[in-house]
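Let me begin by presenting the structure, written as structure tokens, before commenting on it.
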Amino acid sequence: MVLERLQQLAYHVTGTSAPPHPFDPLSTVEIDAAVAIVRKEHGSLNFNAVTLYEPRKTEMMAWLADPEHAPRPVRCADVVAIAPGGNLYDGVVNLEKNEIVQWKHAPNMQPLITMEDLQEVEHVVRKDPKVIEQCGIIGIPPEDMYKVYCDPWTIGYDERFGTGVRLQQALMYYRPHVDDSQYNYPLDFCPIFNAETKKIIHIDVPSVRRPLSKAAPNNYHRESIEQTSGYRTDIKSLHITQPEGVSFEMKGRTIEWQKWSIHIGFNYREGLVFNNITFSDKGNIRPIFYRLSMAEMVVPYGNPEHPHQRKHAFDLGEYGGGYMTNSLSLGCDCKGAIHYMDAAFVNRAGASTIIKNAICIHEEDAGILFKHTDFRDGSTIVTRGRKLIISQIFTAANYEYCVYWIFHQDGTVQLEIKLTGILNTYAMNPNEDTKGWGTEVYPGVNAHNHQHLFCLRIDPNIDGPNNTIFQSDAIRGPGDVGSAENKYGNAFFAKKTKFTTPHEAMSDYDGSTSRTWDMANTNKLNPYSKKPVSYKLVSRDVPSLLPKEGGLVWKRAGFARHAVHVTKYSDDQIHPAGRHVPQTSGEPSEGIPAWIEAAGPDSSIDNTDVVLWHTFGLTHFPAPEDYPIMPAEPMTVLLRPRHFFDRNPVLDVPPSFSRTPSQVAAGGNACACPKNDGSSVLV
Ligand code: ABN
Ligand code: CU
């Protein structure tokens with residue numbers, strides 16, 4: 001019956017007619033169906049997640065290779081549910097047979113905290129007598145409790161409370177006026193909330209108290225700026241128009257643009273997920289990536305004083321990059337001719353919900369793609385590039401993460417993350433010594449040092465699934481200056497180190513050797529360079545994990561110990577810090593370290609189906625310029641074709657200007673340019 005419904009009903013989210021593509025996220029209809037099937041068998045439950053149970057790769061590869069004849073992977077739902085008493089269950093529901101095919105109790109684990117979970121904490125905090133007492137001590141009278149706010153975070157891990165009880169820590173703030181930013185008025189104590197009993201079970205109170213700051217508000221909304229500095233008046237309008245429409249085509253959720261074909265998925269956890277990424281090389285459809293996503297992140301804070309060690313948010317695994325995603329608006333978040341896609345989730349009560357415009361797809365001018373002028377005769381070619389941007393923005397309490405997946409015409413994939421929003425702040429007394437663990441960004445406001453570390457999951461499929469990862473370092477040639485082999489000392493080359501085991505592949509960034517990593521298909525050589533066809537990971541924002549080896553964050557965020565880990569592909573290895581992240585102790589470490597241990601650190605990853613996990617990001621020492629709201633700071637990772645094509649793959653992009661030597665000699669501005677950018681073409 002469910003299958004019939006699936007086939008008959010319009011897919012609110014997938015936008016396709018039935019049946020959905022096996023990579024499509026679950027539609028609202030499918031989510032409701034999965035919930036109904038689970039409810040029928042297990043009664044009253046709270047739902048934490050109902051998402052696509054992704055098709056098993058072997059089946060999926062067979063279907064992609066021959067969709068006419070290979071069996072179509074069955075639609076299944078991956079369910080996370082909480083039973084009365086806080087018991088966690090992981091389930092898989094076959095949506096075509098209407099049956100639960102897996103239902104497992106997951107004892108002593110906590111699933112992520114949803115926005116609904118977060119929102120109830122503030123109401124409880126405001127009414128709690130012990131919180132009211134603490135507020136009184138620092139100068140907030142009981143009648144002002146409505147001005148008290150909190151950002152509830154998962155507790156992270158606190159050895160006093162362990163993993164069995166679902167807990168949140170409430171980072172406390174105050175708003176003198178409803179329109180003031182509460183981050184100017186952090187409070188010095190931290191209540192702990194039990195999500196099961198809905199009670200405050202403990203309050204961490206510092207030994208040195210910090211009364212409520214008396215500083216004037218420091219706000220960022222229009223009214224406040226108009227009343228203070230005022231707005232700049234010298235910005236003229238800039239319009240982006242695409243009178244002929246966009247250059248991409250959506251086929252269901254598969255986008256085709258400039259030789260790329262990409263399936264666009266989205267889930268509650270990773271947000272955007274791309275599958276089956278191919279590029280048409282002279283008509284030959286070449287696979288490049290089976291799956292790409294940002295799979296986890298951690299934001300460890302660097303103040304060792306209790307309880308700040310608990311501030312190390314796994315924003316994807318503990319809260320969900322999909323659940324926190326913004327509904328994007330035209331002309332503000334994205335500019336130009338935009339195609340939006342919605343995202344469907346389940347709520348706690350088991351009803352499907354939708355975030356409208358969760359994904360933004362648009363094109364932008366990408367500046368010069370290539371150019372050359374011959375200095376002797378003035379012959380010139382200039383070709384402008386275009387880029388396709390598929391983006392989402394999520395709000396992780398105080399911070400905004402703007403995630404741009406950018407596809408370039410030359411086969412490059414770029415992940416750009418812009419960090420904006422508001423610093424996490426803590427209270428400080430006038431003239432208090434921050435001891436170097438933070439910065440006074442405004443009177444009474446201590447913004448602690450922290451890192452933003454993102455884990456990119458790359459499942460390469462470079463001309464097929466059997467790939468090998470190499471590290472590439474720019475190294476000086478052997479031989480001393482004056483020696484026969486390196487007389488002038490100028491020799492240097494790219495040293496390639498093949499990773500044959502996960503142990504060898506645990507590698508760190510080295511800016512001094514311009515280190516990059518190659519995902520190569522050693523079974524196929526470039527006809528000219530005789531090197532394996534490959535994609536290079538170029539990433540320069542790669543700080544080391546600063547929390548020390550053996551410490552809490554190091555144990556919990558095993559993925560962040562190295563810039564690169566490589567594992568042999570396994571269907572269920574998606575989440576690098578584990579499936580259920582809140583309140584993990586890190587003993588043993590979940591996710592990547594556990595998988596490597598289980599597979600054997602010395603097992604082979606040579607010429608097989610591998611996954612490359614890349615951790616990158618930045619270390620943030622806050623400064624007043626970041627406050628009261630941060631100007632966006634970008635970070636970029638590139639995946640670039642190397643020895644993949646046999647010549648520059650964008651020679652066929654029409655130039656904006658082209659004059660051969662003979663055209664220059666003939667005089668005039670003759671230009672036989674087909675229109676490329678819809679704008680000026682010189683004749
Ligand atoms: N950055 C931690 C966080 C994210 C979302 C909601 C609350 C807290
Ligand atoms: Cu930061």
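Order of listing sets the numbers, starting from 1, for every ligand and every atom in it. Just so we're clear, the structure is a prediction, and the values are computed from it rather than from any experiment.
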Is any side-chain heavy atom of Lys356 less than 4.5 Å from a side-chain heavy atom of Asp342? yes

Spell out, as yes or no, whether a donor-acceptor pair under 3.5 Å connects the side chain of Gln392 to the backbone of Gly321. yes

Note every protein N or O atom lying under 3.5 Å from an N or O atom of ligand 1, pairing the names and giving the distance.
from	atom 1	to	atom 2	distance (Å)
ligand 1	1 (N)	Asp315	OD1	2.9

Decide whether a cation-pi geometry holds between Arg540 and Phe616; the criteria are a distance under 6.0 Å from NZ or CZ to the six-membered ring centre and an angle within 45° of the ring axis. no

Around the Cu ion (ligand 2), number of protein N/O/S atoms which are nearer than 2.8 Å: 4

For the backbone of Lys555 and the side chain of Ser589, can you confirm whether one donor and one acceptor N or O come within less than 3.5 Å of each other? yes

Is there a donor-acceptor pair closer than 3.5 Å between any side-chain N or O of Thr434 and the backbone N or O of Trp437? no

Val79 side chain near Phe47 side chain, heavy-atom distance below 4.5 Å: yes

Is it true that a side-chain atom of Ser585 and a backbone atom of Glu587 form a donor plus acceptor pair closer than 3.5 Å? yes

Beyond-backbone contact of Leu639 with Leu537, side-chain heavy atoms, under 4.5 angstrom: yes

Salt-bridged, Arg269 to Asp78, with N to O below 4.0 Å? no

